[in-house]
Amino acid sequence: MSHEHVSYLELLTRGAATEAYDRPVLLARASGAGPEALAELEEAKQLALRVRAELEGRRRREAELSALFATAHDLAGLRDLDAVLRAIVQRARSLLGTEVAYLSLNDPAAGDTYMRVTEGSVSARFQQLRLGMGEGLGGLVAQTARPYVTDDYFDDARFQHTRTIDTAVRDEGLVAILGVPLSLGSQVIGVLFAADRRARVFEREQVALLGSFAAHAAVAIDTANLLAETRSALAELERANDIIREHSGVIERASEVHDRLSELVLHGGGVHDVAHAVSEVLGGTVEFTEEGAGTARRADGHAVREGDDWVAAVSAGGETLGALVLHGQPDLDPVDQRTLERAALVTSLLLLARRSAGEAEQRVRGELLDDLLDAPDRDRRLLKERAARLRTDSDAPHVVLAARIDRVGGTADPDTGGRESADRQRLWSAATHLASTRHGLASARDGGTVLLLPLGPGESAADLARQTARSLGGTLREPVTVGASAPVRAPLDHPDRVAVAYEEARRCLDALRLLHRSGQGAAAEDLGFLGLLLADSRDIDGFVDRTVGQVVAYDRRRGTDLIRTMDAYFASGMSPARTKDELHVHVNTVAQRLERIGRLLGPDWQSPARALEIQLALRLHALADAVTST
């Protein structure tokens, strides 16, 4: 395979922009390649562009399918019709890339259609608009049950223009509009729109996509109607149950615990709330425990007696999560046993819901960070919307941190690979929890974990690295080494900087391990001149200030000559006698100046490691002064 073909593969791998594909041809032409080689390279370029277009198409289709799946998931857990319709309109606007999206519903009593949900609208007149059947684009869609699209609404004579509609559309500034019907069987119940404030052409695929969202919206409305009917029927059943409860104290207790458990679930209660509620109803003490579930597991889902206690397994999908144990009521009738079993079932549902929510949030945080690292050219508005849903402050300065578990010494354990895999999983889990508490992101990567965390007030990248190493190490009870990048301002506004910052964090992490500082956290600023080499920012002024800034400031304030004394001292092999000859001063003067320098820089300033950094800082300071003076 030729070098040029490899170049195109590399461009495809990193998702380069279209214009980057011209570079190999230009380079070949500049290097004097012949016509045949240029033709072959041009053919390879076209093939690579076709592959790129296919990949982009697949990514777009994946995003569309993901949005449709999320919409279907919303329908499955429908609680608030307005929230579901709002989500549908928001996703339609986002995927079609329009400035405005809105949904109208038909009003059979009034014989018109009215706005139900708008997204991106700024005009109050437009949001309160009502369209007669057949009027405007929306009225025509509602009347004919067919999708309509216009590139320029005001120049389109197919629609019945009215002053009310045109005024509202003009207030909103809309030009291009696409409308598709919301249909239940042969009945149109409303219209879903996508619109732009500039002329544009809607592709056939976009019309079909909006139609899919319209179908989901229609199902949501139908489901809400069915739920209302179901609630009415349930209310009738509840009244019938009231009659039954009047004749049975045991049944009344069962109904009470049902109501209380339902209320707990609806209001986000926890496992211990369930145990407390059942305790009050059954007159004993109920506790949730992960122990003692063995007996309940053998009982095939039924509550079983163990001594003076009753035990009901809390399980789901064959996995035993624990047990509810009732103390103080050795004699339970069958109905009260069923009550304890029902409480165990509700407890398992709460535990599964909490686990699912946690795992889902962890995956979403990891996916967003992976996209920032691997696909920085993604739509920044979509990235910000995803970050907002995770309660991440995308405008704050953030630091990228690379973390790994570092074990002391080697091992001949044949299961080392399995243990390393388990370590990575544990580290990812701990890092994800830390990221969620700090409103950041975390993902498993390169044998370790990468985090993107916001800086707190007055906090530096080095402070955050040390805190993260302590937090993760304390959670895992293993030494965790953390390298940090320099702060990245508004990372979602500049996603390409996140990958660069991650490479800097990895270099700091590797440097810490080479310096035998495992289990610590640091940024480039902690590593002296080594950090100057590792950092992408090459903050020379910062390095000089951290190393000899106090001496420079002292000279400026007092008019002394300590910097020149240090230069002469190192140049003379750290000999006070030769230094005084170089400066033409008394040796006591040299001693006094060296003592002053020690008080400013610390007693170890002449140690080999510190002396090397100080000499480098002095050279850089001298160069800066020379540049300034010229």
Side-chain angles (χ1 to χ4, degrees), residues 355 358-376 383 386-387 390-392 394 397-408 416-456 459 461-488 491-492 495 497-514 517-524 526 534:
R355 177 191 292 180
E359 290 175 351
E361 182 174 342
Q362 288 175 353
R363 286 194 299 271
V364 171
R365 288 181 183 277
E367 289 166 1
L368 177 55
L369 183 51
D370 285 337
D371 284 349
L372 288 173
L373 291 170
D374 299 328
L383 292 174
R386 291 165 62 188
L390 294 170
R391 302 178 302 280
T392 298
S394 58
H398 283 61
V399 172
V400 179
L401 304 112
R404 285 189 198 144
I405 292 178
D406 281 330
R407 296 182 181 274
V408 178
T416 298
R419 187 176 67 181
E420 288 177 351
S421 177
D423 283 348
R424 288 194 295 270
Q425 178 65 28
R426 291 168 56 230
L427 177 59
W428 172 79
S429 179
T432 301
H433 176 73
L434 176 63
S436 65
T437 59
R438 288 203 54 139
H439 304 297
L441 306 173
S443 178
R445 203 171 189 88
D446 298 322
T449 298
V450 55
L451 301 95
L452 180 66
L453 300 181
L455 280 175
E459 193 175 46
D463 294 334
L464 185 56
R466 287 188 285 271
Q467 291 175 19
T468 303
R470 285 195 300 270
S471 175
L472 296 179
T475 300
L476 300 177
R477 297 185 180 179
E478 297 271 8
V480 177
T481 309
V482 178
S485 73
V488 180
L492 295 187
R497 297 178 183 174
V498 177
V500 174
Y502 174 54
E503 292 304 320
E504 179 179 336
R506 287 185 63 193
R507 290 194 294 271
C508 284
L509 172 63
D510 291 337
L512 285 172
R513 301 175 79 187
L514 290 172
R517 291 175 59 179
S518 294
Q520 299 182 27
D526 291 321
L534 294 174

Which distance, rounded to the nearest 0.5 Å, do you find between the OG1 of Thr437 and the NE2 of His439?
8.0 Å
State whether the side chain of Thr449 and the backbone N or O of Ala444 hold a donor-acceptor pair below 3.5 Å, judged by distance alone.
no
Here the gap from Glu459 atom CD to Gln467 atom CD, rounded to the nearest 0.5 Å, amounts to 4.5 Å
Would you name the heavy atoms of Ala469 and Gly519 that are closest together and state the gap between them?
CB-O, 4.2 Å
Leu427 CG to Leu451 CG distance, which is reported to the nearest 0.5 Å
8.0 Å
Any chance you could measure Arg506, atom CZ, to Asp446, atom CG, to the nearest 0.5 Å?
4.0 Å
Inter-residue atom distance Leu455.CG - His398.NE2, 0.5 Å rounding
8.5 Å
Please find the pair of heavy atoms, one from Pro454 and one from Leu464, that lie closest to each other, and give the distance.
O-CD2, 4.1 Å
Quick one: closest heavy-atom pair of Ala505 and Ala402, and the distance?
CB-N, 3.8 Å
Do Asp370 and Arg445 meet the salt-bridge criterion of a basic N to acidic O distance under 4.0 Å?
yes
Sub-3.5 Å donor-acceptor pair from the side chain of Ser429 to the main-chain atoms of Gln425, do we have one?
no
Nearest 0.5 Å please: distance from the OG1 atom of Thr481 over to the CG atom of Leu472.
10.5 Å
When every non-hydrogen atom of Thr475 is compared with those of Ala430, the smallest separation belongs to CG2-CB, 4.0 Å
Nearest non-hydrogen partners of Trp428 and Ala442, listed with the distance
NE1-O, 4.4 Å
For the pair Arg438 and Thr468, evaluate side chain to side chain contact (heavy atoms under 4.5 Å, CB included) and give the outcome as yes or no after the intermediate values.
CA-CA 11 Å; Arg438 288 203 54 139; Thr468 303; over 6 Å; no
Side chain of Arg426, backbone of Leu476: donor and acceptor closer than 3.5 Å?
yes
Looking only at non-hydrogen atoms, find the nearest pair between Tyr502 and Val400 and report the distance.
CA-CG1, 3.6 Å
